[in-house]
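One structure is given below, encoded as C-alpha cells.
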There are 2 protein chains.
Amino acid sequence: MNIRHLTFRLLQVYIAVIRTGSISQAASQLHLTQPTVSQQIKRLTEAVGEELLEIREGQYQPTYVGRELYHAALDALGRFDDFNSFLSEAAQGNKGHFSLGVVTTAQYVLPLLLSPYTQQYPGVDVTFNIGNRSSVLQRFQNQLDDLYLFSHPPTGDHVVSGRFLRNPLVLIAPLKHWAAKRKSLKFSELINERFLMREPGSATRMMFENWLRDQNYQLHNTLQIESNEVIRMSVETGLGLAVLSEHTLAQANAKVALLPVKDFPLISHWYLVRHSDRRLPVAAHNFIQYMNAHLSEWVDEKYIRNELDLLLGGRG
Amino acid sequence: MNIRHLTFRLLQVYIAVIRTGSISQAASQLHLTQPTVSQQIKRLTEAVGEELLEIREGQYQPTYVGRELYHAALDALGRFDDFNSFLSEAAQGNKGHFSLGVVTTAQYVLPLLLSPYTQQYPGVDVTFNIGNRSSVLQRFQNQLDDLYLFSHPPTGDHVVSGRFLRNPLVLIAPLKHWAAKRKSLKFSELINERFLMREPGSATRMMFENWLRDQNYQLHNTLQIESNEVIRMSVETGLGLAVLSEHTLAQANAKVALLPVKDFPLISHWYLVRHSDRRLPVAAHNFIQYMNAHLSEWVDEKYIRNELDLLLGGRG
DNA sequence: GTAAGCCATAGATAATTATCAATATTTACG
DNA sequence: CGTAAATATTGATAATTATCTATGGCTTAC
C-alpha cells in the first residue's frame, strides 16, 4: 500500500464505516455527507490496493484485508490517543505527581531541593519513600519510584544518574581550639579529641567512618548528636570537633574553625537517579528541569556540580 | 493536538529529522529540499501545539514532548509496516503456509480435502500434525496450529468451528451374509456376529460404541483392525460385519451389503476448527474459502453440510 | 572577519484533498 | 414491478499540501 497519502482522518472515517456498517450512518455520525464518505473509502481502498469492504447480510462488512486494516487503524489511532493524553498531562505541567525514593542518609538534602520547587509548583504532589540503601535499591529494581536520591548511585544497566551537588565534608573545631591555630595538621594529632558525630547511617558519618577505616584511625572519644545544627552549635561552644557538610556551616554563618587536615574536605556528591526503562511523569521531568535551571539560585555556585542534563536525555 | 491533519508522511519526515538530527540531512535522505522539510516540521509542530525540537550540542534534538511524539510515530508507522507485510503476504495468495492439527481418526478425510486444494495452489505449504484427540486438543489450547480437523469439536470459549461434511456410518456385511437378504433387521439379531472394529479412540469406533452403550447392547465377538481399507476388504471376504464411514465405501466401489438396521446410518460430521484468538494466515483463510466454494465439486451433494462461513467471520 | 553550513522565511505553483449539491445507479422489499 | 433506501458518480469549489527557487540570518570554523 502507499502509506504516503494515508491520513489519520481517513482511518477515522474508515473506522466509523466499519463500526456502523453503513456509509450513510458513518457520514451522519461524522457530520459529513454520504458522498464524502463514499469517496474517502474509495480513496482509502485505492491507497491500500485491495478491496476493504463487501456487503454481507445487507451491511458493509470488512473483507479479510479490511479487517486487518481496521485493527491496524485502531492501533495507530489508539497510540496517538495515548500521546494526546500525554500532551494534556504535559500541558498542565504545574499539576501532577511523582514519587521519590530517598536513601535515609539523603533525607537531609531533601528540603533544600524541594522547598523552592514545591513553593513554585504547589499543585505538584510528591511522594517520598525513604528507606535504607538496600530497600531503595530494590525499589529501583522494581521501578517503584520515578526518581531516586542517592549519595552513591547504584551500578547497572538501567541506571541513569547525574550528580548535582558537591557535598564537601569539613573538619571543624571551636575557634579557640589549639588546633585552630596550626597551619597544617596531621589527623593523628587529633585522635584523642572528642568528636561529635551524627547517628550511624548518616551519610556524613558513613563518609567519615569510611575514611577513618581507610586510614586505619580509631577514635576514642565520640559523642552522638542527632542534628547537624546542634553539632555545629556544640562545636562553637567548645564541646569538641566534628565533621560536617560544609553547607550546614555556610547557611548558619558558623563561628568555627576549619582544620587544615590532609584529605579534608572529604568530597562526596548527591546524585539524582532514574530508571532508563521508566517513562518520567511530566511533573518529575519538570522537577529536574526546574532544579537544573534554578540550582544556582539557592545554592552557592561552588557547591554546584550540575549533571542533571544526563537525566533529561534518552527515552524518559 | 489536532489529529485530523496528521499524515503518516509527516511522521516519516519527522522521524528522519530526529534520526539525522538535522533538517538538511533529513531532506537529502528523503530526496526533498531543505525548506520543504523545514515547513513540514513547522506544520507538525503547529498540529501538536508544542515545540518538538530544540538545538542541543549543535544538533536538533527532540524536546520532552518531541521524544514522546517520536515514539508514537514509530509505533504507528511500525503498525502499518506490519499491515503492509500482511498485505504482501495476502497479495501472494497462492503462496504461504499454514498448519493443520488433525485427530488421528480424521486422517482419512484429509486427502479428500487437500488434494484438490494443493493441486490448485501448489505454492501453499501445509504442515500436518496428527495426534490422538487429547494431544490435538492440547495443541489447540496452546494455539500451535492454524486449523484443526475434528469429528467432534472441542468445547470452550475460544472454539470457532463449522461442520462441512456429513459422515454417515453404515453397517456393512458380506454380500452373501444371511442378514444381507433381509429387508429390515433389529440389531439384537446381530449381537453374536463378529464385528471388525477400528482401534479404540477412532471416531468411528467411538460413535459406534456410544450408540451401543445407549442401546444397552454388548458385542461378544470383535476383531480389531487398524485400517478402514483392510476392514472393508475383510468384510468383502466374509470375515465379519463392520461399521464404516460411507465415504470409504463409495470411493472404493465396495462389494458389501448395507444392513437396514434401525438408527443406521449413524450420523456424524467432520468439523473444521480454529482458535478465536489466533490470526489465520492468509493461506489458511484461502483454504477455507476454497473449500467453502468448491466443496460440491468433489463431494457428492448429499454429504455436504457447509458451515464454513462460521470460520471466516470474526477477527481471523 | 570572512567563508561555509545550516536554517527559516517568502513567494510561487501544481497537485491533492475535503467537501458539497445534484443526479444516477443499485439493492431490497412488498 | 415499483418504490424507498443506500450507494456511487459527477461536477464544482475552496482549502490545503507538497514542493520548488531565491534569499537573508545566524553559527561556526578557520
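A, B, ... follow the sequence lines: proteins, then strands. Residue 1 opens every chain.
For the OP1/OP2 pair of dT9(C) and a distance below 4.0 Å, the side-chain nitrogens and oxygens of K42(B) include at least one atom meeting the criterion. The shortest distance between the side-chain N/O atoms of S22(B) and the OP1/OP2 oxygens of dC7(C) is below 4.0 Å. Residue Y60(A) places at least one side-chain N or O under 4.0 Å from the OP1 or OP2 atom of dA8(D). For S38(A) and dT7(D), the shortest distance from a side-chain N or O to OP1 or OP2 is not below 4.0 Å.
Ring pair F80(B)/F83(B) is perpendicular by interplanar angle, where above 60° counts as perpendicular and below 30° as parallel. Relative ring orientation between Y117(A) and F287(A) is described as perpendicular, the plane-to-plane angle rising above 60° on a 0-90° scale split at 30° and 60°. In this structure, F8(B) and F8(A) have parallel ring planes: the angle between them is below the 30° cut-off, well short of the 60° mark. Relative orientation of the H158(A) and H275(A) rings is parallel, given thresholds of 30° and 60° on the angle between their planes. Ring pair H269(A)/Y271(A) is perpendicular by interplanar angle, where above 60° counts as perpendicular and below 30° as parallel.
Atom CD1 in I41(B) sits roughly 9 Å away from atom P in dA8(C) (whole-Å rounding). Rounded to a whole Å, the CD atom of E51(B) is 10 Å from the P atom of dA8(C). The CG-P distance, from L6(B) to dA18(C), rounds to 13 Å in whole Å. The separation between E46(A) atom CD and dT9(D) atom C1' is 13 Å, rounded to whole Å. Atom P of nucleotide dA8(D) and atom CD of E54(A) are separated by 14 Å, given to the nearest angstrom. Rounded to an integer number of Å, the gap from L53(B) CG to dA8(C) P is 9 Å. Distance, L30(A) CG to dA18(C) P: 13 Å, rounded to whole Å.
A salt bridge (Lys or Arg N to Asp or Glu O under 4.0 Å) check over residues 155-167 of chain B, counting only residues at least two apart or in different chains, returns the pairs R163(B)-E307(B).
In this structure, F150(B) has its ring center no closer than 6.0 Å to that of F140(B).
For the atom pair Y70(A) OH and R19(A) CZ, the distance stands at 4.0 Å (nearest 0.5 Å). The distance from atom OH of Y64(B) to atom NE2 of H285(A), rounded to the nearest 0.5 Å, is 5.5 Å.
Inter-axis angle, ends of the helix from dG1(C)-dC30(D) to dG30(C)-dC1(D), five pairs per end, rounded to 10 degrees: 40°.
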Nucleotide-resolved protein contact map, nucleotides 12-30 of chain D, B/S/- at heavy-atom distance under 4.0 Å: -----SSBBBB--------
